[in-house]
Number of protein chains: 2
Amino acid sequence: MNLKCLTIAVAMACTCTLGEAQTAPAPIKDDFQPSSLNQPGQEYPQVNSQGYARFRIKAPKADSIKVSLGLGGRGGTRLTKDADGYFTGTTEGPMDEGFHYYHLNVDGGTFNDPGTLNYYGSTRWESGIEIPAHDQDFYALKDVAHGNVQQILFPSKSTNTSRRAFVYTPPGYGKNKSEKYPVLYLQHGWGEDETAWSNQGHANLIIDNLIAEGKIKPFIIVMTYGMTNDTKMGPAGLRNFKVDAFQTVLTEELIPYVDANFRTIADRAHRAMAGLSMGGMETHAITLAKPDEFAYYALLSGGTYSPAELKDKPKPKLVFMSCGSKERPDGVNNAAAELKKDGYNAVSYVSQNTAHEFLTWRRSLSELAPLLFKD
Amino acid sequence: MNLKCLTIAVAMACTCTLGEAQTAPAPIKDDFQPSSLNQPGQEYPQVNSQGYARFRIKAPKADSIKVSLGLGGRGGTRLTKDADGYFTGTTEGPMDEGFHYYHLNVDGGTFNDPGTLNYYGSTRWESGIEIPAHDQDFYALKDVAHGNVQQILFPSKSTNTSRRAFVYTPPGYGKNKSEKYPVLYLQHGWGEDETAWSNQGHANLIIDNLIAEGKIKPFIIVMTYGMTNDTKMGPAGLRNFKVDAFQTVLTEELIPYVDANFRTIADRAHRAMAGLSMGGMETHAITLAKPDEFAYYALLSGGTYSPAELKDKPKPKLVFMSCGSKERPDGVNNAAAELKKDGYNAVSYVSQNTAHEFLTWRRSLSELAPLLFKD
C-alpha cells in the first residue's frame, strides 16, 4: 500500500463517518425506540424500523442545535425548538445500519448528546448511535459462555511509560488452566484508540458467539493504541506518519509481555495481525517488515497487498482484505484475485450496504475469525 | 445502619459532590495546567497549584454557560464570553483535592465539558476534573508491576441476563499459575456503576503500588453494579430500596462464578466486602444477612455497625469504617470505639480535608487494604 492509498483510506475515514443515507420513498414510520447505546434511562436519541434517527435535546435558551449525523455531505440534521425548550429533529433519510459517531453543534460549540454513551473516534469522545442491523444477531449479547476483556498496563521502554492494551480471553480461559491459545493483534483506525474494538466493535461478543456456535476454536485478541493520532491532524501530519515507533512497541514490548503473561502459543503460526483503516495501513507495514512474527494478515477497509510485496518473504497462511460495498470493493476483490493467481491463500470480503464504518468491520471480523489458525 | 443513616448518606452524596471550597486569602497564582483527566490534546479545563479550576468552552452564539463546580451551595461557576466566542471562568475559591464530577449548563441545557473524559456518577456520564492531591503518589501510575482489570459477563438467572463486573487480578496472576488469592467485593455509590472504582477510584493502581511497596499481599477485587439506581431518584425511591435482588446476584451468582473462573481461596476467611456510600449500605445489609460469606467488612462513607447488630453471628475478622473529615468523623470514630469495647477488631479512618468524594474513598481503600486477609 502506498501513500496514496493511505491518504484515500484516511479521507474515507473523515468523510464517511457520518453515514450515508439512501433515498426514502416511504413515509416515516412512527415506531421510534430509544437507541441501544443510550445512557441508562434516556429516551433520546431514538431510531425507527426504517433506520431514521430522531433527536431531542433540552436547551431552552439556545438559538440553534445541529446534529452532525444525517445525509452525507449535506451538513447533518438541524433541530427545531418547541415551546417547552426542547430541540427535536429527524434525519432526512434512513441511516446505514450499524454504529455511527456524531456530536452536536449548540450555538456554535461542539458538545455531545447528553442522551448517549460516548465512544472514542475522530480524536474525541463522540456520541454514538446504533441503527439496528438486520444481521445484528452475530454481535448480540446472548446467553452463551462469555470471554473476558481485560485492561493490561505493559511496560514500554521505548516510550518510557506503562502503556494500555485490552486483552480478550475466550470462555474457559480461566478454567482450562493448561490450554494455550493463538493470538490476534487487532488495531483500531485513525482518530480511535484501544477501546474501539470492544466498545463499538463488540469484538468480544462476536468471538463469544462464533465459539458458542462451534464455528471457530477459541483464541486471544490483543488491542492496543496504534499511536495513529500522535501526529497533527490533516494530510500533512498523516503523510509524515511513521509506523516505526508503534512497530517497536508492538513487536518488541507488547508481544513479549503478552506471551509471558498469558497462555499463548508463542510462534508465528499462531499469531495474526489485523487492523481497520489506518490500523490496516499499520498491519500492512508491520507484517511486511516483520514477516517472522505473524502468519495471518488482515486489512479491513485498510488497503491491499500485492504479490510483489509478499515475494521472497515467509509465506503468510492467509491474506484477508475487506471493505464496505460503499467503499471500493473492486480494490479488495482484484487484489485477492491477483494474490490467488500467485498461489497465495487470499480472501476478499465485501460488507453489503455499508461504508467506512463499524458495521463493515464487525462483519469483517466475523468473516475473518473462522479463517484464522486453521492448523 | 437504620433508614435515617441511609437517608443522611444519600443526602451527602447528593449535596457534596460539587466539592467544598475554602476561603482564599491569597491571590490566584498563574500556574494553571491542563487537568490530568482531559481528553487527548485538550488544554481546558485547567487547575492551578492552589486548587482553583479554570474552564474555557467555545460556543460563539450561546448566551450563558455555567459550570456545576464551584463553591458548595452557591450555584457553581458562571463563565464569561469573550470576543472570540469562548466562555471562560475560574472557581471562586480553591477546590478540595481529588476528583470531582461536574457538568455544564449551556443556555438551559445540561451538557458535558468537551474537554474532559467522562465518568459515571449522578446516574449520568459526567465530566471529571482532578485537583492534584498532596498525597497523589499512592494512586499514581508508576513503573511497577501492574495487575489487570478485566470485564466479565456472568450469567444471572435471577435477573435473566448476562451481568457485567470488573475483576482486578494482581501482578503475577497470569504467571503464578498455581497460586490462589483472597477476594474483596468492592461496591460503588448511588448514581455510579461498576466502572467507578477503577475509573475514578484508581483501585487497581492503589493496590499495584501497595504490593510493589511490600505493604500488602496480592488479592483479587471484584466490582459489579449494585443496582442502586434502579429505583426512581429522590428520597421516596431510596426509602423503598431493597437490597434483596442485589444480594441474590452477588452471593448466589457472582461469587460462585468468580470462584469457578478465577483462582480464589473460596472461603469466608478469604472474602471481604466493602462499599462507598450506598455501597456501604449494601455491604452493611449483606454482611449481616450472610455472615457466613464474608469475614472482613468495610463501610466507606457508608454508615456504621453496632455491637448489637453483630452479636450472635460469626465474628468478623475486621470492621473498617471511614469517611472524610468534612462528613461526620465522630460517627465512625465512636462506632469503632463501641465495637472495640465489645472485643471486635474495629478500625476507623478519617480522610483529612475531604468530603463525600472519591479522594476520601481512594485513601480509605489504601488504609483498608493492609488490614485485609491477615491470616
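Small disclaimer: the values here were computed from a predicted structure and weren't measured. Every heavy atom of this structure was used, including side-chain atoms; hydrogens, water molecules and symmetry mates were not. Proteins come first, then strands; the chains are lettered A, B, ... in the order of their sequence lines, and each starts at number 1.
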(Q) Tell me every residue that passes salt bridge (Lys or Arg N to Asp or Glu O under 4.0 Å) with R271(B), counting only those two or more places apart in sequence or in another chain. (A)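 Applying salt bridge (Lys or Arg N to Asp or Glu O under 4.0 Å) to R271(B) gives D259(B), E293(B).
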
Q: Mind checking salt bridge (Lys or Arg N to Asp or Glu O under 4.0 Å) for K175(A) and listing every partner two or more places apart, or none if nothing turns up?
A: none

Evaluate whether atom [atom1] of [X] has more than 12 neighbouring non-hydrogen atoms of other residues, nucleotides or ligands under 6.0 angstrom away.
X	atom1	answer
K177(B)	NZ	yes
N176(B)	CG	yes
K81(B)	NZ	yes
D82(B)	CG	yes

**Q.** Among the listed options K58(A), Q39(A), K142(A), the residue most often paired with chain B at heavy-atom distances under 4.5 Å
**A.** Q39(A)

Measure distances from [X] to the heavy atoms of chain B and classify the residue's part below 4.5 Å as side chain, backbone, both or neither.
X	result
A145(A)	neither
N261(A)	both
Y120(A)	side chain

Q. Under a 4.5 Å heavy-atom cut-off, does chain A meet the side chain of D193(B), its backbone, both or neither?
A. neither

Q) Given that the side chain runs from C-beta out, which part of I152(B) has a heavy atom under 4.5 Å from chain A: side chain, backbone, both or neither? A) both

If every non-hydrogen atom of [X] is compared with every non-hydrogen atom of [Y], which pair is closest and at what distance?
X	Y	answer
W125(A)	N118(B)	CB-ND2, 4.3 Å
S162(B)	H146(A)	OG-NE2, 3.2 Å
N148(B)	L153(A)	OD1-N, 4.4 Å
N112(B)	F111(A)	O-CD2, 3.6 Å
Q150(A)	Q150(B)	CB-CB, 2.7 Å
P60(A)	G109(B)	CD-N, 4.1 Å

For chain A, the option from [options] that forms the most heavy-atom pairs under 4.5 Å:
options	value
S64(B), P155(B), A260(B)	A260(B)
G174(B), A59(B), G41(B), P40(B)	A59(B)
T161(B), L141(B), V149(B)	V149(B)

Q. Tell me, do D107(A) and D107(B) make a side-chain contact under 4.5 Å, heavy atoms counted?
A. yes

